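So the structure is just underneath, and the comments pick up after that.
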Amino acid sequence: MQENILNAFAEQAKTMYSPMAKFNSLFVDNMEKLTEFQISAIKSYAEMGLSQLKSAAEIKDADTMRTFTSAQAETATSLNKKIMEDAKAMSDMAMEFKTQIEGIMEEVRSTAATTASTAAKPAPKAKTAA
C-alpha cells in the first residue's frame, strides 16, 4: 500500500513539474533567440553609423558635401525601414512566445482536469471476509 502511495506521489510530482520544465525550456530558447536578434540588430545599426561617419570624413569640397547630403535622405529611409522590420520581427517573436505559453497552459489545464477526475473516482471497496 505504501508503494502505491509513493508511486502516486511520484506520478503527481512528474505531472506537476513537467509544465514548469517546458516553460523554463521555452523561456531560455526565447531569450536566446531574442538575444541573437538584438546582437544582429545592434551590429547592423553600428555598421550603418560607421558607414555614415566614413562618408562624412571623406567630405573635402562642395561637391562631396552635396553628394553626402543628398545620400542622407536615402540613408534615413533605409534606417527607418530597418527599424520597422526589426519592430515587426520583435512583435512576431513575442506573439509566437505567447502562443507557445498558451499551449503549455492549456496542457496544464487538461492534465489538471484529468488528474482531478481520476482522483475523484471512488476507490473500490475491499471485500471483507465473512
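Hydrogens, waters and symmetry mates are skipped; everything else that's a heavy atom, side chains included, is used. Everything numeric in this text was worked out from a predicted model, so none of it was measured.
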Counting only N and O atoms by type, is there a donor-acceptor contact under 3.5 Å from the side chain of Thr75 to the main-chain atoms of Ala71?
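The answer is yes, because a donor-acceptor pair under 3.5 Å joins these two groups.
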Side-chain (Ser70) to main-chain (Arg66) donor-acceptor, under 3.5 angstrom:
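Yes; at least one donor-acceptor contact below 3.5 Å.
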Applying salt bridge (Lys or Arg N to Asp or Glu O under 4.0 Å) as the test, list every pair that has at least one member in residues 37-60; sequence neighbours left out.
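Listed by first then second residue: nothing to list.
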Hey, could you give me each pair passing salt bridge (Lys or Arg N to Asp or Glu O under 4.0 Å) that has a residue in residues 22-39? Not counting sequence neighbours.
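Sorted result for residues 22-39: Lys22-Glu107, Lys33-Glu96.
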Where do Arg109 and Glu106 land on the side-chain contact (heavy atoms from CB on, under 4.5 Å) test, with the steps shown first?
CA-CA 5 Å; Arg109 279 187 212 105; Glu106 186 57 40; 3.0 Å; yes
Report the C-alpha separation of Lys82 and Tyr45 in whole Å, then their side-chain angles, then the decisive distance to 0.1 Å, and conclude whether the side-chain contact (heavy atoms from CB on, under 4.5 Å) test is met.
CA-CA 9 Å; Lys82 172 87 172 115; Tyr45 293 135; 3.4 Å; yes
Please report the shortest heavy-atom distance between Ile104 and Pro19, naming the atom on each side.
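So the two residues come closest at CG2-O, 4.0 Å.
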Give the minimum heavy-atom separation between Met93 and Asn30, together with the two atoms involved.
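Shortest heavy-atom contact: O-OD1, 4.2 Å.
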Met20 reachable from Val108 in the ILVMFWY side-chain graph, under 4.5 Å edges
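No, no single cluster joins them.
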Are Met90 and Ile83 connected in a single hydrophobic cluster, I mean Ile/Leu/Val/Met/Phe/Trp/Tyr linked by side-chain heavy atoms less than 4.5 Å apart?
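No, because Ile83 and Met90 fall into different hydrophobic clusters, even though each may have its own neighbours under 4.5 Å.
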Would you please name every residue forming a side chain to side chain donor-acceptor pair (under 3.5 Å) with Glu102, sequence neighbours left out?
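Here the qualifying residues are Lys98.
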For Thr64, all residues meeting side chain to side chain donor-acceptor pair (under 3.5 Å), sequence neighbours excluded
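Testing Thr64 for side chain to side chain donor-acceptor pair (under 3.5 Å), a comparison that skips the adjacent residues, returns Asp61.
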Transitive ILVMFWY cluster of Ile59, excluding itself - 4.5 Å side-chain cut-off
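Met65, Phe68, all in the cluster of Ile59.
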My understanding is that only residues two or more places apart in sequence, or in another chain, count here; which of them pass salt bridge (charged side-chain N to carboxylate O under 4.0 Å, His left out) with Asp92?
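Checked Asp92 against salt bridge (charged side-chain N to carboxylate O under 4.0 Å, His left out); matches are Lys88.
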Would you please test Leu34 and Phe97 for side-chain contact (heavy atoms from CB on, under 4.5 Å) and show each step?
CA-CA 11 Å; Leu34 186 62; Phe97 182 68; over 6 Å; no
How long is the gap from CG on Asp86 to OG on Ser40, to the nearest 0.5 Å?
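Answer for the CG-OG pair, Asp86 versus Ser40, is 7.5 Å.
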Roughly how far apart are Thr77 OG1 and Gln72 CD, rounded to 0.5 Å?
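Reported to 0.5 Å precision, the distance equals 10.5 Å.
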Would you say that more than 12 heavy atoms from the other residues, nucleotides or ligands in this model lie under 6.0 Å from the CZ of Phe37, or not?
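For Phe37, atom CZ is crowded (more than 12 foreign heavy atoms under 6.0 Å).
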